[in-house]
Amino acid sequence: MTRVLHVSQPVDGGVGGYVAAAAADQAARGWDVIVATPQPGAHPGVSHVRWNATRSPGPATLGEARALGRLIHLTDPDVIHLHSAKAGLAGRLVIRGVRPTIFQPHGWSWLACRGVMTRVSAAWERMAAGWATALVCVGEGEVELAHEQGVVGNLVVIRNGVDLRRYHPAQSHERLLARAGLGLPPHAPLAVCVGRLTEQKGQDLLLRAWPRVRAACPAATLALVGDGDLQEELRAAAPPGVRFAGPAADVRPWYVAADVVVLPSRWEGLPLIALEAMACGRPVVATAIPGLSEVLTPSPAAPVPPGALVPPGDVAALAEAVADRLRDPAAAEAEGQAAAVRATHFDARLTFARLAELTSRLALVPEVVAVQERARAGQ
């Protein structure tokens, strides 16, 4: 039986959801799956071990790495799957390629840095790439960013996917029910932004754009769904017409209720929020950054785009794109239908089948495979 240890500092958001889904898929395959996170998660059929780790690197990182090393020794996995920056840092410091290791950045660490730390983070990723048997990128944009920074390794693209059984287009009566359940007017124009309230997700840009949206569409409401480090700062800066909805255990009703879903992110891997919204038949307005561009760039054969891409940081363009869709429900509905079709190309079943194939291959003959994969990465 294949034993896999997933390690992640984030327990919620896109990374937390991905880890939960990947672990559940592998457990359903009959594997022995263990998840190491700072807090216990709801992973049916999956064992959990506590790994106390903070989000940012600092003086505690070496202790976190040693603690993870002890967990690896105790659980003795065939393959270790490190998710996001902190697990990638601590895990590769202690494993150093001795065991088959997958590192999945879910957005490269240097994207969250400023100044000299950007260079330090990129240098670390270049050095540590050889300590991962495979580097799983959630989209082609993540590979392009790696190449730009000189990260050389066994880069494997396994695109993020959406659960099409859970996220699917809703009928008009479902939309009315969703709005009623959320305490929203049945027909008022509604823009929804789902995600942690952080610099990465760019809600501050959306709040700056919102007065322009309201000038064009006075009855419009913006719902920010989520919480995070910038919650109080954003509340203090919020113009009229903004609702802070807090985190939601189930975000599908918000997608169903929305006229448009907005992702004003500064950086991403390949965001599940965009895929979920599109699968629910909602047009998406987002910044033209790697990951989001990959999802929202329309096919040449598609007569209708799935939404709109705007230049990063361009508040005026963001406001115009959102307002256009709130003022023209028929055009937004057509884009939503196109988005639902586009989302079918990002089926989570294919995502996790590809991940399982890679993991199985690495677990098959660990010593031989690890050496081969590291040799390939150095070519």
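These numbers come from the heavy atoms of this one structure, side chains and all, not from hydrogens, waters or symmetry mates.
Between Asn160 and Thr351 the shortest heavy-atom distance is C-OG1, 3.5 Å. Summarising the geometry of Ile34 relative to Arg3, their closest heavy-atom pair is CD1-CD, 4.0 Å, with the distance given to 0.1 Å. The nearest pair of heavy atoms linking Ala257 to Leu190 is O-CD2, 3.6 Å. Annotation for Leu275 and Ala343: closest pair O-CB, 4.2 Å, computed over non-hydrogen atoms. The two residues Pro38 and Asn52 make their nearest non-hydrogen contact at O-OD1, 4.0 Å. Closest non-hydrogen pair, Val322 versus Ala191, comes out as CG1-CB, 4.2 Å.
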Would you sort out whether His6 and Val33 count as a side-chain contact (heavy atoms from CB on, under 4.5 Å), showing the intermediate values? CA-CA 8 Å; His6 290 271; Val33 183; 3.8 Å; yes

Carefully, step by step, assess Leu89 and Trp124 under the rule side-chain contact (heavy atoms from CB on, under 4.5 Å). CA-CA 9 Å; Leu89 172 60; Trp124 154 253; 3.6 Å; yes

Asp25 vs Arg29, salt bridge (charged side-chain N to carboxylate O under 4.0 Å, His left out): CA-CA, chis, key distance, verdict: CA-CA 7 Å; Asp25 175 84; Arg29 296 173 188 273; 2.7 Å; yes

Determine, step by step, whether Trp254 and Val256 satisfy the side-chain contact (heavy atoms from CB on, under 4.5 Å) criterion, reporting the C-alpha distance in whole Å, the side-chain angles of both residues, the deciding distance to 0.1 Å, and the verdict. CA-CA 5 Å; Trp254 284 104; Val256 172; over 6 Å; no

Should Val143 and Val157 be marked as a side-chain contact (heavy atoms from CB on, under 4.5 Å) after you check the CA-CA gap, both sets of side-chain angles, and the distance that decides it? CA-CA 8 Å; Val143 174; Val157 177; 3.3 Å; yes

Going through the checks in order, is the salt bridge (charged side-chain N to carboxylate O under 4.0 Å, His left out) test met by Arg166 and Glu276? CA-CA 9 Å; Arg166 178 181 178 189; Glu276 292 166 357; over 6 Å; no

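Panel note: side chain Arg282, backbone Ala258; a donor-acceptor pair is recorded below 3.5 Å. Thr75 contributes a side-chain N or O that, together with a main-chain N or O of Leu71, makes up a donor-acceptor pair within less than 3.5 Å. In this structure, Thr101 contributes its side chain and Arg99 its backbone to a donor-acceptor pair below 3.5 Å. Side chain of His81 to main chain of Gln104: no donor-acceptor pair is present (N/O by atom type, distance under 3.5 Å, no hydrogens or angles). Formation of a donor-acceptor pair under 3.5 Å by the Trp210 side chain with backbone atoms of Ala319 is not found in this model. Side-chain atoms of Arg55 never come within 3.5 Å of backbone atoms of Gln9 as a donor-acceptor pair (strictly under, hydrogens ignored). Not one N or O on the side chain of Arg214 forms a donor-acceptor pair closer than 3.5 Å with the backbone of Ala219. A distance-only check finds no donor-acceptor pair linking the side chain of Thr287 to the backbone of Pro311 [under 3.5 Å]. With hydrogens and angles ignored, the 3.5 Å screen pairs no side-chain donor or acceptor of Lys86 with any backbone N or O of Ser8. Looking at Ser121, its side chain does come within 3.5 Å of a backbone N or O of Trp110 through a donor-acceptor pair.
Follow the hydrophobic side-chain contacts under 4.5 Å out from Val49 and you reach Leu82 in the same cluster. Cluster membership for Val19 and Phe103, using ILVMFWY side-chain heavy atoms within less than 4.5 angstrom, is not shared. The cluster map of Ile, Leu, Val, Met, Phe, Trp and Tyr, joined by side-chain heavy atoms under 4.5 Å apart, puts Leu135 and Trp131 in different clusters. The cluster map of Ile, Leu, Val, Met, Phe, Trp and Tyr, joined by side-chain heavy atoms under 4.5 Å apart, puts Leu222 and Leu263 in different clusters. Note on Val79: it does not cluster hydrophobically with Leu68, by side-chain heavy-atom contacts below 4.5 Å among ILVMFWY residues.
In this structure, CG on Leu224 lies 6.5 Å from CG on Leu206, to the nearest 0.5 angstrom. Note that CG of Leu355 is 5.0 Å distant from CD1 of Ile158, once rounded to the nearest 0.5 Å. If you take CG on Leu145 and CH2 on Trp108, they are separated by 9.0 Å, rounding to the nearest 0.5 Å. Atom CD1 in Ile289 sits 5.0 Å away from atom OG in Ser265 (nearest 0.5 Å). The distance from atom SG of Cys113 to atom CH2 of Trp267, rounded to the nearest 0.5 Å, is 8.5 Å. With rounding to the nearest 0.5 angstrom, the NE2 atom of His168 is 4.0 Å from the CZ atom of Arg252.
Proximity of the aromatic rings of Tyr167 and Phe346 is defined here by a centroid distance below 6.0 angstrom, and this criterion is not met.
Counting heavy-atom neighbours within 6.0 Å of Arg266 CZ, excluding the residue itself, gives a total above 12. Summarising the local packing, CG of Asp328 is surrounded by more than 12 heavy atoms from other residues, nucleotides or ligands at distances under 6.0 Å.
Contact of the Met278 side chain with the Leu296 side chain is registered, since non-hydrogen atoms from C-beta on lie closer than 4.5 Å. In this structure, Asp32 and Thr2 have side chains that are not in contact, with every pair of non-hydrogen atoms separated by 4.5 Å or more. Leu318 has its side chain within reach of Val262: a pair of non-hydrogen atoms, C-beta onward, lies under 4.5 Å apart. Between Val136 and Leu358 there is a side-chain heavy-atom pair separated by less than 4.5 Å. Looking at heavy atoms from C-beta onward, Val156 lies out of side-chain contact with Cys137 at the 4.5 angstrom threshold. Annotation: side chain of Thr359 is in contact with side chain of Val4 (closest heavy-atom distance under 4.5 Å). Side-chain contact check for Val225 versus Val192: some heavy-atom pair is nearer than 4.5 Å. For the pair Ile72/Ile95, a side-chain contact is recorded, criterion being any heavy-atom separation below 4.5 Å from C-beta on.
Partners of Arg349 according to the salt bridge (Lys or Arg N to Asp or Glu O under 4.0 Å) rule, which considers only residues two or more places apart in sequence or in another chain, are Asp347.
Ion pairing between a basic and an acidic side chain is recognised when a charged N comes within 4.0 Å of a carboxylate O; Arg212 and Glu320 show no such pairing. Ion pair Asp324/Arg327 flagged as a salt bridge, since at least one NZ, NE, NH1 or NH2 atom sits closer than 4.0 Å to an Asp/Glu carboxylate oxygen.
Listed by first and then second residue, the salt bridge (Lys or Arg N to Asp or Glu O under 4.0 Å) pairs involving residues 123-143 are Arg92-Glu125 (not counting sequence neighbours). Residue pairs meeting the salt bridge (Lys or Arg N to Asp or Glu O under 4.0 Å) criterion with at least one member in residues 175-191, sequence neighbours excluded: Arg175-Asp259, Arg179-Asp259.
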